[in-house]
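All figures in this text were calculated on a predicted structure; none of them were measured in a lab.
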Amino acid sequence: MAEKLKENNAMALAQEDIAVIQDLIAKALSERPELGVANVRYELELRERIVRVEEELKHQRALMLEGFKQMEKRFEQIEKRFEQVDKRFEQIEKRFEQVDKRFELLTARIDRFMIWSFATTLTVGGLVVAAIRFLP
């Protein structure tokens with residue numbers, strides 16, 4: 001029971017101390033009103049800074065969006081250029097096919113010419129041999 005009494009006295013003393021401390025703080029603030037004004041001034045400056053930062057962030061966002069639009073346009077231009085290059089490659093491929101067909105035709109003509117030349121040579125050679133044998 002003695003312990004309970006001591007705890008109550010300690011607690012009552014603590015409550016009294018808290019009240020005294022609150023009175024001292026209130027008295028000190030009332031004697032120096034510039035502290036309260038300084039806090040208000042500081043809060044106003046902070047709010048102004050926050051507003052400026054928000055405006056700058058909006059500006060940066062607008063710049064980023066504009067940059068993204070520019071990049072999108074550039075990508076579209078590059079895509080069109082790739083399409084043009086693809087078309088050009090298709091044209092070149094068609095041209096190679098035409099050249100290949102012409103080359104095949106030329107090869108066939110050369111083959112026929114070689115056969116004709118060989119046959120002509122054999123025929124002329126046979127005629128020469130026959131002429132030499134039958135002519136005294």
Side-chain angles (χ1 to χ4, degrees):
M1 184 128 172
E3 287 180 14
K4 233 180 190 187
L5 188 58
K6 284 182 184 177
E7 284 179 21
N8 285 340
N9 284 340
M11 195 172 240
L13 184 60
Q15 291 297 329
E16 288 175 8
D17 288 340
I18 291 172
V20 169
I21 291 170
Q22 287 175 342
D23 288 338
L24 289 173
I25 290 173
K27 184 179 176 184
L29 287 176
S30 67
E31 289 175 3
R32 298 189 65 189
E34 67 273 2
L35 290 177
V37 173
N39 284 339
V40 170
R41 215 178 280 149
Y42 180 72
E43 284 185 30
L44 288 175
E45 287 177 7
L46 281 179
R47 287 181 185 169
E48 288 175 6
R49 285 182 185 173
I50 290 171
V51 168
R52 284 194 303 262
V53 168
E54 287 175 348
E55 288 174 357
E56 187 63 29
L57 287 173
K58 286 179 186 176
H59 180 68
Q60 289 294 325
R61 182 172 185 248
L63 289 176
M64 288 174 63
L65 291 175
E66 183 64 29
F68 290 144
K69 287 179 186 176
Q70 294 290 335
M71 289 301 294
E72 186 67 31
K73 288 179 184 177
R74 182 70 178 137
F75 284 137
E76 289 173 2
Q77 291 173 349
I78 291 172
E79 187 174 324
K80 288 178 183 177
R81 181 71 177 134
F82 277 130
E83 290 173 1
Q84 291 173 352
V85 169
D86 284 343
K87 288 178 183 177
R88 182 72 178 136
F89 277 130
E90 289 174 4
Q91 291 173 351
I92 291 172
E93 186 176 329
K94 288 178 183 178
R95 180 75 176 136
F96 276 134
E97 288 174 3
Q98 291 173 352
V99 169
D100 189 42
K101 286 179 183 177
R102 288 180 65 193
F103 185 73
E104 287 175 6
L105 290 173
L106 185 63
T107 303
R109 287 180 71 188
I110 290 173
D111 289 344
R112 281 192 304 243
F113 177 74
M114 287 175 60
I115 292 170
W116 182 82
S117 296
F118 184 69
T120 303
T121 303
L122 284 178
T123 304
V124 170
L127 287 175
V128 169
V129 168
I132 291 176
R133 271 192 175 181
F134 293 111
L135 291 175

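In this structure, CD in E72 is found 12.5 Å from CG in L65, a value given to the nearest 0.5 Å. Between atom CG of residue D17 and atom CG of residue L24 there is a gap of 10.5 Å, rounded to the nearest 0.5 Å. Distance CD/E56 to CD/Q60: 5.0 Å, rounded to 0.5 Å.
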Scan the side chains in residues 108-121 for donor-acceptor partners under 3.5 Å anywhere in the protein, sequence neighbours excluded, and list what turns up.
unit_1, atom_1, unit_2, atom_2, d
S117, OG, F113, O, 2.9
T120, OG1, W116, O, 2.7
T121, OG1, S117, O, 2.8

Which atom pairs, one a donor and one an acceptor, fall under 3.5 Å between side chains of residues 79-88 and the rest of the protein, sequence neighbours left out?
unit_1, atom_1, unit_2, atom_2, d
R81, NH1, Q84, OE1, 3.4
R88, NH1, Q91, OE1, 3.3

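Within the 4.5 Å cutoff, no side-chain heavy atoms of L106 are placed close to those of R102.
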Item to check | CA sep, side-chain torsions, deciding dist, call: R47, E43, side chain to side chain contact (heavy atoms under 4.5 Å, CB included) | outcome: CA-CA 6 Å; R47 287 181 185 169; E43 284 185 30; 4.0 Å; yes
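Linking ILVMFWY residues whenever their side-chain heavy atoms come closer than 4.5 Å, directly or via other members, places I132 and V124 in the same cluster.
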